[in-house]
Amino acid sequence: MTQTLKALGQLALLWAIYQGSSWFAAFTGLPIPGNVIGVILLFTLLSLGVLKLKHVELAADFLLKHLVFFFVPIAVGLMEWGGVFYDYGLTLLLAIVISAVLPLLAVGGLSQLLNKRRGA
Amino acid sequence: MNATTIFCIAITLAAYLGVRRLYLRFRHPLLNVVALGAALIITALVVLRIPYSEYVPAKNIMTALLGPATVGLAVPLYRHRSLLLRSAPAILGSVALGAFLAMLTAGAIAKLGGMPQDVVASILPKGVTIPFAVEIAAIYKGIPALTAAFVVATGTLGSLLGGWLLTLARVRDPMARGLALGTVSHGQGTATALMEGEQQGAMAGLAMILAGIFTAGFAPLAVWMLGLG
């Protein structure tokens with residue numbers, strides 16, 4: 001029971017950070033999503049020691065474990081957009097394959113090179 | 001809350017838990033919880049003649065906690081901070097390059113293929129984890145559901161072929177392999193990297209979050225270069 005209450009309190013804290021960051025994004029008109037600002041903000045608060053891991057990790061770990069759940073209802077929206085795949089199937093396939101393979105090799109190659117140079 | 005909304009939430013939970021169980025049992029990249037779960041729900045809605053507009057209230061209730069959950073990504077990032085600090089230039093440099101390259105190539109091909117602007121905007125952030133991708137796409141008038149689909153397609157591709165491609169390109173360094181998988185195919189790539197080993201998994205998780213931040217930061221530049229603004 002106390003664990004549940006603690007998790008709820010932590011959830012409220014995460015929610016407050018998210019809301020604050022979203023308002024900040026909207027207020028400043030920055031082209032950065034509120035959730036990205038929220039991650040940077042929470043990371044900064046943890047790094048500065050303003051918040052400790054134990055203040056958020058119970059709720060964060062639970063939510064992250066089921067993060068994928070939230071994407072299921074979002075993807076259901078596809079039922080309105082099936083035509084796009086029909087109209088642009090080949091272009092989409094090319095765009096997705098090429099834009100995955102090139103960066104994959106670039107990131108792998110570059111970081112291996114930088115790492116090796118450092119190690120040598 | 002009306003009966004349809006309750007029913008929609010129930011089938012979504014059932015689809016999620018069912019496919020998740022299947023995935024945890026077989027661990028195959030094609031048993032994707034998002035793609036397969038959504039396909040099952042869409043099939044049910046079509047068969048029962050429930051239009052998407054009646055699913056929307058259920059969707060809004062279920063995704064209410066997505067924002068705080070996403071902010072929670074700072075926790076694994078913080079836990080792995082020593083890993084990050086130890087090789088900061090290699091990690092930040094390569095993830096930044098990868099995030100930018102992914103956005104630019106996807107956008108350029110989509111644009112050359114004559115896709116409408118909202119679809120091009122939807123494909124730009126498809127290499128990063130869904131909550132970031134959907135929000136980044138929305139800033140440039142993209143369509144969340146399409147972005148989610150592109151993200152899943154990219155993640156599935158990366159987890160099916162990523163490891164093999166890296167081996168083919170002689171990328172053997174575990175850190176480099178993890179970074180590449182996490183940058184290009186977010187959570188699905190991270191799951192694959194975790195199967196290769198703990199170091200790969202930690203790096204991939206780190207890369208996934210950093211790629212989201214870099215993609216958000218570079219998006220205005222990519223949009224400008226592609227002439228979408």
Side-chain angles (χ1 to χ4, degrees), chain A residues 11 14-15 17-18 21-22 31-36 38-40 42-43 46-47 53 56-57 59-61 63-64 67-81 84 88 91-92 94-112 114-116 118, chain B residues 12 16 33-34 37-38 41-42 52 55 59 62-63 66-75 77-78 90 94 97-98 101-102 105-106 109-110 113 115 119 123 130-132 135-136 139 144-146 148-149 153-154 157-158 162 165-166 169 171 173 175-177 179-180 183-184 213 216 220:
Chain A
L11 176 64
L14 289 174
W15 185 83
I17 293 172
Y18 171 67
S21 304
S22 298
I32 308 280
N35 56 11
V36 174
V39 169
I40 297 171
L42 179 55
F43 182 78
L46 288 168
S47 301
L53 269 182
V56 286
E57 64 186 347
D61 286 337
L63 288 170
L64 290 179
L67 189 60
V68 171
F69 166 73
F70 300 107
F71 312 153
V72 176
I74 293 175
V76 172
L78 271 185
M79 68 189 281
E80 302 251 280
W81 290 93
V84 169
Y88 300 103
T91 308
L92 278 176
L94 278 177
I96 286 173
V97 171
I98 296 174
S99 69
V101 173
L102 276 184
L104 181 86
L105 299 180
V107 175
L110 179 66
S111 56
Q112 179 165 267
L114 291 175
N115 233 11
K116 211 178 274 171
R118 244 175 67 96
Chain B
T12 307
Y16 168 71
V33 178
V34 180
I41 297 162
I42 291 175
Y52 178 65
Y55 182 83
K59 183 201 87 174
M62 287 185 285
T63 52
L66 177 56
T70 309
V71 169
L73 285 170
V75 168
L77 192 63
Y78 182 73
S94 50
L97 171 77
L101 205 57
T105 42
I109 295 168
M115 296 207 271
V119 183
I123 208 171
I130 294 180
F132 291 149
E135 295 298 320
I136 295 167
I139 291 176
L146 276 182
T154 306
L157 184 76
L165 277 168
L166 288 170
V171 177
D173 180 32
M175 178 181 140
R177 293 178 69 92
L179 285 178
T183 304
V184 174
I213 298 173

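We use all heavy atoms of the structure for the numbers below, so side chains are in, but hydrogens, waters and symmetry mates are not.
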Given heavy-atom pairs under 4.5 angstrom as the criterion, report whether the side chain, backbone, both or neither of [X] touches chain A.
X: B/Ile213; answer: both
X: B/Leu157; answer: side chain
X: B/Val33; answer: both
X: B/Pro220; answer: side chain
X: B/Val171; answer: both
X: B/Ile139; answer: side chain
X: B/Thr183; answer: side chain
X: B/Tyr52; answer: both
X: B/Ala148; answer: side chain
X: B/Leu165; answer: both
X: B/Leu97; answer: side chain

Tell me, side chain or backbone of [X] under 4.5 Å from chain B's heavy atoms, or both, or neither?
X: A/Gln112; answer: both
X: A/Leu53; answer: side chain
X: A/Val84; answer: side chain
X: A/Ile96; answer: both

What closest approach, in Å, do [X] and [Y] show between heavy atoms, and which atom pair accounts for it?
X: B/Ile123; Y: B/Ala106; value: CG2-O, 3.9 Å
X: B/Ala74; Y: A/Phe43; value: CB-N, 3.6 Å
X: B/Ala90; Y: A/Leu114; value: CA-CD1, 3.5 Å
X: A/Ala75; Y: B/Ile42; value: O-CD1, 4.2 Å
X: B/Leu146; Y: B/Val119; value: CD1-CG2, 4.2 Å
X: B/Ala102; Y: A/Ser99; value: O-CB, 3.5 Å

- If you tally heavy-atom pairs under 4.5 Å between each of B/Leu77, B/Leu66, B/Val75 and chain A, the highest tally belongs to B/Leu66
- Task: For each of B/Thr12, B/Thr105, B/Ile130, tally heavy-atom pairs with chain A at distances under 4.5 Å, and name the one with the top tally.
- Result: B/Ile130
Please identify, among [options], the residue contributing the most non-hydrogen atom pairs under 4.5 Å to chain B.
options: A/Ala59, A/Ala106, A/Pro31; result: A/Pro31
options: A/Leu67, A/Leu46, A/Leu105, A/Leu11; result: A/Leu46
options: A/Leu64, A/Val56, A/Val68; result: A/Leu64
options: A/Asp61, A/Val36, A/Val76, A/Val39; result: A/Val76

- Results of side-chain contact (heavy atoms from CB on, under 4.5 Å) for B/Glu135 - residues two or more places apart only: A/Pro33, A/Asn35
- What distance do A/Ile17 atom CD1 and A/Ile40 atom CD1 have between them, rounded to the nearest 0.5 Å? 13.0 Å
Flag side-chain contact, heavy atom, 4.5 Å: [X] against [Y]:
X: A/Phe70; Y: B/Thr70; answer: no
X: B/Met115; Y: A/Thr91; answer: yes
X: A/Leu14; Y: A/Leu63; answer: yes

- Contacts of B/Tyr16 meeting ring pair (Phe, Tyr, Trp, His ring centres under 6.0 Å) (sequence neighbours excluded), chain-then-number -> A/His66, A/Phe69
